[in-house]
Protein chains: 2
Amino acid sequence: MELNEKQRLILDAAEKLMAEKGFDGTSVRDIAEEAGVNLAMISYYFGSKEKMMEAMFAQRSGYYKLQLESMIRDKELGPMAKMERLIDQYIEKLMNHQAFHRVLVREQMVSGNKMITDHIQELKKQNQALIREIISEGQKKGVFKKNIDLPILMMTLIGTISQLLTTQHFYKEINGLQDMPADEFQKHIRKKLSLHLKKIFHAILSNEA
Amino acid sequence: MELNEKQRLILDAAEKLMAEKGFDGTSVRDIAEEAGVNLAMISYYFGSKEKMMEAMFAQRSGYYKLQLESMIRDKELGPMAKMERLIDQYIEKLMNHQAFHRVLVREQMVSGNKMITDHIQELKKQNQALIREIISEGQKKGVFKKNIDLPILMMTLIGTISQLLTTQHFYKEINGLQDMPADEFQKHIRKKLSLHLKKIFHAILSNEA
DNA sequence: AGCAAAATTAAACAAATGTTTGATTTAAAC
DNA sequence: GTTTAAATCAAACATTTGTTTAATTTTGCT
């Protein structure tokens, strides 16, 4: 779907506010004001608040589509190196779109909008299918263990990153990092996350002792 | 705070509905109907919807208080055995109070109610202080690694469980478990989670190869 | 039984909600 | 320059929201 300038303004405003207050906690008047457009434009362009949300997911959920295809076929990279790149891709994707990810986490919990949850589910399936290829390759080469439970492993990957995203204010305080500049903190935390998750994946996947 | 029968009915109804629809997505009329009480009783007993939520957290957040003290002093248990019990306690606590945990996850993400987020933060700090004791003991005995980043490890613990809680429908479908009875599924998933997380903790904490 | 406090109720309240309307302005096409 | 459609706007709309009111019922106590 092609978006014009006004539509983009509206979705940006909606994403920002809904990341803070949630769908029901954000009124269309708040969104219109934040976007600097007239209230009626939301219905005019999207039909309704609900459909505006759907448009937002259609527009943004591509964030979750990983750039994996070419990497998977790469003959130079070993399976573990591929998994490490995968981890970093997930960290980048989720951290670079924190606001949208918050909206998504909320929406995922609700039994709510079928169109949206189906959309998310489909993306997850596609990603898992690709990752499974890497794992199969690793098992065939004997560097990965047999009997790997990918869905649970993905829960640790996404769950750990999500948990950081939703509680980073806690993390800052508990580590006395309130005064660290925002971008420096982002770098710091991504590095930590990356090392931590790679250690975990290595322990779960690798055949070596 | 002591609760009478009506107050309990109200909080139970509120918890159930807010786990599904969130705070803003749940009206006091919905809550009153679900609880089978008159609409005005919510203001009458709690003062407001907001304060009702605070009462709910005051009442339920004890779920997150682990029964660790006595176990920590236990001379029979090694540090790794203690960590394993810790993992199982977290799994039990969060899984046994799924509805409340959903409400908490949502509320945690919002900048919203200071009283509630402070309460949560305080509980986390207390728990982490206790866990740190176990880790120090393990390090002193030489069975745990030095330089363990506890906050990140806790993110993996809580994040993995939370991710499962918020996406279990997806997990069911991807594993073809839609027809498994609910209680059997709960058992199945707790067992898997437990083994998975213990493997991770062992890899991160243990000094052995 | 009589009384005071607590509990319960239906109704009313003002404010906020998502959406629509109908008029007006802007832009594009001829 | 006129015409036609798209875009923009303030106002109005009907619901829904959380809360309060004022009357009534129930409860506990003497």
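Convention: sequence-line order gives letters A, B, ...; per-chain numbering from 1.
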Review point. So what does B/Ser27 hit on the nucleic acid, given a heavy-atom distance under 4.0 Å: a base, only sugar-phosphate, or nothing?
Key: sugar-phosphate
**Study point:** Rounded interatomic separation in angstrom, taking CE from B/Met41 and C1' from D/dT25
**Key:** 12 Å
Review point. Think A/Lys93 forms a cation-pi with A/Tyr64, using NZ or CZ under 6.0 Å from the six-ring centre and within 45 degrees of its axis?
Key: no
Check your understanding: Within the pair B/Lys49 and D/dT17, is there a side-chain N or O less than 4.0 Å away from OP1 or OP2?
Key -> no
**Study point:** Length of the NZ-P vector between B/Lys21 and D/dT17, whole Å
**Key:** 11 Å
**Study point:** Along DNA chain C, first and last positions that approach a heavy atom of chain B under 4.0 Å
**Key:** C/dA6 to C/dA12
Review point. Does B/Lys192 count as lying over the ring of B/Tyr171, i.e. NZ or CZ under 6.0 Å from the six-ring centre, within 45 degrees of the axis?
Key: no
Check your understanding: Within this structure, what is the OH-to-P distance between B/Tyr44 and D/dT25, rounded to whole angstrom?
Key -> 17 Å
Revision key, fill the gap. In whole angstroms, the gap separating P of D/dT17 from CG of A/Asp30 amounts to 17 Å
Check your understanding: Can any side-chain N or O of B/Lys49 pair as donor or acceptor with the backbone N or O of B/Phe23 at less than 3.5 Å?
Key -> yes
Check your understanding: What about B/Tyr63 and B/His97, are their ring centers closer than 6.0 Å?
Key -> yes
**Study point:** Flag for B/Gln98-B/Gln168: side-chain donor and acceptor within less than 3.5 Å
**Key:** yes
Check your understanding: Between B/Lys51 (NZ) and D/dT19 (C1'), how many Å, whole number?
Key -> 12 Å
**Study point:** Given D/dT20, D/dT8, D/dT17, the nucleotide with the shortest approach to the side chain of B/Arg29
**Key:** D/dT17
Point to revise | Cation over ring face, B/Lys172 and B/Phe185, 6.0 Å, 45° | key: yes
Practice item. For A/Leu39, answer base if it contacts any base atom (sugar-phosphate contacts may also be present), sugar-phosphate if it contacts only those atoms, and nothing otherwise; contact means non-hydrogen atoms under 4.0 Å. Key: base
Check your understanding: Could you give the CD1-to-P distance, from A/Ile42 to D/dC9, as a whole number of Å?
Key -> 12 Å
Point to revise | Rounded interatomic separation in angstrom, taking CD from B/Glu54 and P from D/dG18 | key: 16 Å
**Study point:** Exercise: do B/Thr160 and B/His196 side chains pair donor with acceptor under 3.5 Å
**Key:** no
Practice item. Would you mind reading off the distance between B/Ile31 atom CD1 and D/dT17 atom P, rounded to a whole angstrom? Key: 11 Å
